[in-house]
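Both counts, for ligands and for their atoms, begin at 1 and track the order of listing.
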Amino acid sequence: MTPLEYLNNNKDKFLNELLDLLRIPSVSADQKFDGDVRNAARFVKDRLLAAGVDHAELYETKGHPIVYAEKIVDPTSPTVLVYGHYDVQPADPYELWNHPPFEPTLKDDRIYARGACDDKGQMYMHVKAFETMMATDTLTCNVKFMIEGEEEVGSNSLETFIKEEKGKLSADVILISDTSIINNDTPSITVGLRGLSYLEVEITGPNKDLHSGVYGGAVANPINILTKLIADMQDENGRVTLPGFYDDVLEYSDRERAEMAKAPFDINHYKKELDIQEVKGERGFSTIERVGIRPCLDVNGIWGGYTGPGSKTVLPSKAFAKISTRLVSNQDSDEITQMIIKYFEKKAPKSVKVKVTPHHGGTPAVISTHSNGYKAASEAFKQSWGKTPIPTMEGGSIPIVALFIQELKIEPILMGFGLDSDDIHSPNESYGLFNYYKGIETITYFYNHFFQISNKS
Ligand code: BES
Ligand code: MN
Ligand code: MN
């Protein structure tokens with residue numbers, strides 16, 4: 001039986017197993033789900049064992065366990081290290097879901113559930129591709145699996161794991177499916193991810209909430225101050241005003257930008273999908289560039305004062321905001337974090353106190369199109385899609401990818417199969433069955449091409 005025949009014979013089984021995994025609410029950010037997070041790890045480990053790995057373990061950490069497994073077919077053959085994550089983002093707000101987020105629902109050839117695409121659906125394709133190659137006796141490369149449960153909260157434990165277990169993790173390529181393709185007719189390979197600096201700001205005015213009539217106009221309102229400070233961080237050209245913010249931003253040549261502009265992108269469809277009249281961003285750059293090669297700053301949440309029903313005339317004591325910047329090469333996440341802390345400490349008036357707490361950061365990543373891994377991924381897409389994939393720079397972040405390069409010195413290949421319209425992190429996240437099955441098929445081709453290309457060079 002060929003791998004494709006095996007895949008076609010087992011479509012229902014492959015789907016039902018993924019649905020079982022999606023029923024486990026493995027939300028890494030919320031302690032309430034710790035037991036479920038562990039159950040998801042066990043599920044992945046058990047399925048890997050059933051598919052035929054030599055051994056599999058749950059590697060215990062300070063946080064959630066890492067699933068590690070391997071199959072060595074021949075020590076002299078190339079080794080593929082598969083990375084993915086079994087944890088998911090919180091499903092809130094639940095009331096905006098058409099079906100409960102952890103009761104996966106099939107509709108219009110799509111799976112609706114939290115994690116359907118990010119990253120359970122995409123990660124599980126690798127488990128099923130491995131099963132397919134084992135069952136048809138076509139696995140050419142050695143495989144190591146490293147599936148973590150803390151990607152959505154900053155990958156702290158995995159960072160320690162890769163620093164401590166370098167020997168065990170030796171490989172020729174790291175294969176990751178946790179990104180998107182342009183659309184189902186236009187395959188692409190991600191060659192850039194943005195980095196991240198994330199902070200929380202707390203502004204304190206008076207030592208207690210006050211009557212806004214008795215004190216208003218005479219005492220600093222921390223919400224007024226905070227919103228002004230935030231607004232001042234961007235100018236009318238959509239640029240971040242922090243001194244030095246753009247100093248390390250890699251500039252692209254006109255030729256490179258013209259190349260990037262060749263990727264199909266329909267701005268009207270984009271606006272229609274989001275129900276917006278206009279896009280907005282840094283002047284002088286296209287939407288693809290704003291997301292792929294330019295940094296940005298966004299408020300992720302802001303609160304304070306009275307937000308209940310009706311009105312309450314209050315001058316609040318405190319105001320809060322969660323702020324993130326997305327970074328590009330060669331910006332340094334720690335330097336940007338310091339820049340933002342300094343900004344708030346320097347610019348806030350004496351009438352308030354400021355506390356800034358850094359959360360997780362992440363280094364941007366740029367991936368070469370000249371490696372064996374890229375060539376193998378490109379050939380694999382050609383074989384399954386009949387089209388050469390386009391290299392793309394994506395706006396999201398997978399901070400551990402830069403660490404793979406730095407610590408393990410192994411080239412990561414971002415061969416994702418999601419779509420921007422899968423609504424990852426949003427209510428009604430979904431993943432197309434086409435993408436799930438086509439992804440499994442493409443992954444099996446990757447192994448063959450990587451084996452051949454590695455042996456030639
Ligand atoms: N899979 C995403 C990242 C992603 C999505 C990259 C789409 C490219 C296209 C990942 O799970 C994620 O959500 N990362 C977080 C960062 C993390 C530190 C919370 C992000 O980008 O917000
Ligand atoms: Mn992900
Ligand atoms: Mn995510």
Side-chain angles (χ1 to χ4, degrees), residues 21-22 26-30 37 40 63-64 82-92 101 113-126 146-159 174-183 188-200 288 291-293 295-301 322-328 333 336-337 358-367 391-404 412-427 429-431 435 439:
L21 176 59
L22 290 169
S26 50
V27 179
S28 51
D30 188 344
V37 175
H64 302 302
V82 175
Y83 164 77
H85 62 97
Y86 65 79
D87 66 322
V88 299
Q89 284 273 325
D92 308 77
R114 170 56 84 236
C117 171
D118 184 12
D119 181 39
K120 282 173 171 169
Q122 295 218 55
M123 174 272 290
Y124 205 64
M125 295 183 313
H126 287 268
M146 174 171 69
I147 314 295
E148 70 156 319
E150 293 179 13
E151 196 278 338
E152 300 292 8
V153 291
S155 299
N156 284 337
S157 299
L158 192 70
E159 185 171 340
I174 303 181
L175 188 58
I176 306 169
S177 297
D178 195 19
T179 51
S180 310
I181 50 174
I182 294 175
N183 60 51
S188 55
I189 299 173
T190 306
V191 292
L193 289 169
R194 285 198 284 188
L196 186 76
S197 158
Y198 199 113
L199 318 93
E200 189 164 327
I288 292 187
V291 169
I293 60 166
C296 66
L297 183 147
D298 279 285
V299 181
N300 296 257
K322 291 182 194 281
I323 298 172
S324 70
T325 53
R326 294 283 172 170
L327 309 175
V328 299
S333 171
I336 299 291
T337 301
H359 285 225
H360 46 72
T363 306
V366 176
I367 285 144
T392 53
M393 312 284 287
E394 286 209 75
S397 307
I398 311 176
I400 201 72
V401 166
L403 250 107
F404 288 156
I413 298 299
L414 297 162
M415 194 168 76
F417 300 93
L419 298 175
D420 283 353
S421 52
D422 288 343
D423 289 333
I424 62 171
H425 294 207
S426 295
E429 174 177 355
S430 68
Y431 194 40
N435 302 69

Any idea which protein heavy atom is nearest atom 15 (C) of ligand 1, and the distance to it?
S397 O, 3.6 Å

Count up the protein N, O or S atoms sitting under 2.8 Å from the Mn ion (ligand 3), would you?
4

The answer for which part of D118 has a heavy atom under 4.0 Å from ligand 1 is side chain

Can you list, pair by pair, the side-chain donor-acceptor contacts under 3.5 Å of residues 391-404, counting residues two or more places apart and other chains?
from	atom 1	to	atom 2	distance (Å)
E394	OE2	S180	N	2.9
E394	OE2	T190	OG1	2.8
S397	OG	R194	O	2.7
S397	OG	R326	NH1	2.6

For atom 1 (N) of ligand 1, closest protein heavy-atom neighbour:
D178 OD1, 2.8 Å

If we set the cut-off at 4.0 Å for heavy atoms, which region of S155 has an atom near ligand 1: side chain, backbone, both, or neither?
neither

Side chain, backbone, both or neither: the part of H360 lying under 4.0 Å from ligand 1 by heavy atom:
side chain

Quick one: does G362 get within less than 4.0 Å of ligand 1, heavy atoms only?
no

For the atom pair CG (N435) and CD (Q122), what is the distance rounded to the nearest 0.5 Å?
8.0 Å

If the test is side chain to side chain contact (heavy atoms under 4.5 Å, CB included), which one of D119, D178, L419, D118 qualifies with I424?
D118

Is it the case that H126 and S177 place a side-chain donor and acceptor less than 3.5 Å from each other?
yes

Can you tell which of H64, R114, K120 makes a side chain to side chain contact (heavy atoms under 4.5 Å, CB included) with S26?
K120

Quick one: pull up SG in C117 and CE in M123 and give me the separation to the nearest 0.5 Å.
12.0 Å

Applying side chain to side chain donor-acceptor pair (under 3.5 Å), can you list everything that pairs with H359, at least two apart in sequence or on another chain?
E200

Residue portion contacting ligand 1 (non-hydrogen atoms closer than 4.0 Å) for E151:
both

Can T337 and S197 be counted as having a side-chain donor-acceptor contact under 3.5 angstrom?
yes

Note: ligand 1 atoms sitting under 4.0 Å from heavy atoms of H85 are 11 (O)

Considering only the protein, which heavy-atom contact is closest to atom 19 (C) of ligand 1, and what is its distance?
E152 O, 3.6 Å

Under 4.0 Å from a heavy atom of E394: give me the atoms of ligand 1 that qualify, with their elements.
8 (C), 9 (C)

Contact summary for G63 and S157, nearest pair of heavy atoms
N-OG, 3.6 Å

Do E159 and S155 have side chains that approach each other closer than 4.5 Å (heavy atoms only, starting at C-beta)?
no

Mark up the atoms of ligand 1 that fall under 4.0 Å of a heavy atom belonging to R326, in ascending order.
20 (C), 21 (O), 22 (O)

Residue set satisfying side chain to side chain donor-acceptor pair (under 3.5 Å) with Q89, at least two apart, ordered chain then number -> E152

Between the side chains of Y83 and E148, does any donor sit under 3.5 Å from an acceptor?
yes

Going by distance only, is there an N or O of H425 that falls short of 3.5 Å from an N or O of ligand 1?
yes

Mark the output for I424 as yes if a heavy-atom distance to ligand 1 is under 4.0 Å, and as no if none is.
yes

